[in-house]
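Numbering of ligands and ligand atoms starts at 1, following listing order.
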Amino acid sequence: MIEFIKKNNLLLIFLGVIIGAVWSIFHPSSAEPFRYLGYAFLNALKLVVIPLIFTTITTSVTQLGNMRRFGKLGRNTIIYYLLTNVAAVTVGLIMVNLIQPGAGMVPPSTDFIAPQRGWIDFIDTVLPANLITALAENRILPLIWLSLLLGVFLIRSGQRAAGAIDFLNLLNDGILKLVQTIVMFAPLGVMGLVIGQVLKHGGGAEIWTSLVGVGWYSLTVIAALAFHAIVVLPLIFRLITGRSVSRYLLNMGEALLTAFSTASSAATLPITLRCVQVKNKVEKRVAGFLLPLGATVNMDGTALYEAVAAMFIAQSYGIDLALWQQAIIFLTANMAAIGAAAIPEAGLVTMVMVLHSVGLPVEGIALILIVDWLLDRFRTAVNVWGDSVGAAVVDAKTSLD
Ligand code: ASP
């Protein structure tokens, strides 16, 4: 049973959407109690977000920091990861600001207080006097900084910190398993959320506006992903390696299609390795180092999606985010992508962290859940493409031996 749910989770989520919509439109009174499933599902996600952020960020930083051991190869890899992630989020933010997919939508719930602004609020958001109070009020930016710095200091402690890093890695594995268990309930949660939406808005014109908004949002994500994959990455590839982009891309076809159909960079890894090493003839050791690591930490597509989704949710609630708040989204989207596991829907879970960081309502996830099964496929393909380009770029810049 559990295996069946795990294997067919995406299909079941899709079914949840359809059943929720049809049921609540045709028989609202019997559907009504089931909307609490959506509420419980979101609460479960919120419940794990604090430990998830702490262990994910700290372990990601120590993982990246460890690459110093790999000398030039490690350094070039980090530079490539950071540059392309930053480029991806920038493309996403520019597109979502230009297209404004969420403008004019009806917010999913009205009991939301707009985030604060001004310098005192900025300091309180970034550097509050009390961590526990901040977390209790869902202000998680300080936790992000603290986890990041703790990661840096652990690396600087060298061998002495090995035990602590191991412990955090194990804790992180455990928490990720917990998250996966929660995601298994996503089909029921999504059904409940859809029922809640339809009952609130009566299934009429407002639902229609939401659907149009979500359509625009999906187009924005896909257009931004396409720009990053077809313009930004090939430009870097061509400038640094001088090789033919189209040939390289064609040779990656099998891996990209697998990424699209599995929505998992990890599941695609064996095929990515074969396409990059055998078909594209990238130095085996470089690819063998960069691809497994990239599958879990270098996710251009996920970073881009996180930023667009957070901005879309802000727009749909009619919240105007100041530049510094967008800067925070920029930072947390990058961290969320590094922290996301290479499995289906992982980006959706780390989204909670991006939303929390600027005080956006997690309920907004209900808006994007419906299309996430599809967008996940596109962003996973871009994640794998980013890693593959990275292998060739770093290979061209690093001479081993
Ligand atoms: N599914 C993505 C991957 O495996 C991660 C995500 O959910 O964004 O690369």
message = Applying ring-ring contact (aromatic ring centres under 6.0 Å, His included), can you list everything that pairs with Y248, at least two apart in sequence or on another chain?
response = F237
Beyond-backbone contact of N298 with L293, side-chain heavy atoms, under 4.5 angstrom = no
task = For side chain to side chain contact (heavy atoms under 4.5 Å, CB included), just list the numbers for L154 and L168, CA-CA rounded to whole Å, side-chain angles, deciding distance to a tenth of an Å, and then say yes or no.
result = CA-CA 11 Å; L154 281 178; L168 286 171; 3.7 Å; yes
task = Kindly write out the residues that satisfy ring-ring contact (aromatic ring centres under 6.0 Å, His included) with F260, not counting sequence neighbours, or none if the list is empty.
result = F378
Below 3.5 Å only, please: the N or O atoms of ligand 1 paired with protein N or O atoms, distance on each line.
residue  : atom  : partner : partner atom : Å
ligand 1 : 1 (N) : A263    : O            : 2.9
ligand 1 : 1 (N) : I343    : O            : 3.0
ligand 1 : 1 (N) : D376    : OD1          : 2.8
ligand 1 : 1 (N) : T380    : OG1          : 3.1
ligand 1 : 4 (O) : S265    : N            : 2.9
ligand 1 : 4 (O) : S265    : OG           : 3.4
ligand 1 : 4 (O) : A342    : O            : 3.3
ligand 1 : 4 (O) : I343    : N            : 3.4
ligand 1 : 7 (O) : A346    : N            : 3.0
ligand 1 : 7 (O) : G347    : N            : 2.7
ligand 1 : 7 (O) : D376    : OD1          : 3.3
ligand 1 : 7 (O) : R379    : NH2          : 3.1
ligand 1 : 8 (O) : T302    : OG1          : 2.7
ligand 1 : 8 (O) : R379    : NE           : 2.6
ligand 1 : 9 (O) : S265    : OG           : 2.4
ligand 1 : 9 (O) : N383    : ND2          : 2.9

ask   = What heavy-atom pair brings P33 and Y36 nearest, and what distance separates the two atoms?
value = O-CD1, 3.0 Å
task = Output all residues satisfying ring-ring contact (aromatic ring centres under 6.0 Å, His included) with F227, sequence neighbours left out; order by chain, then residue number.
result = none
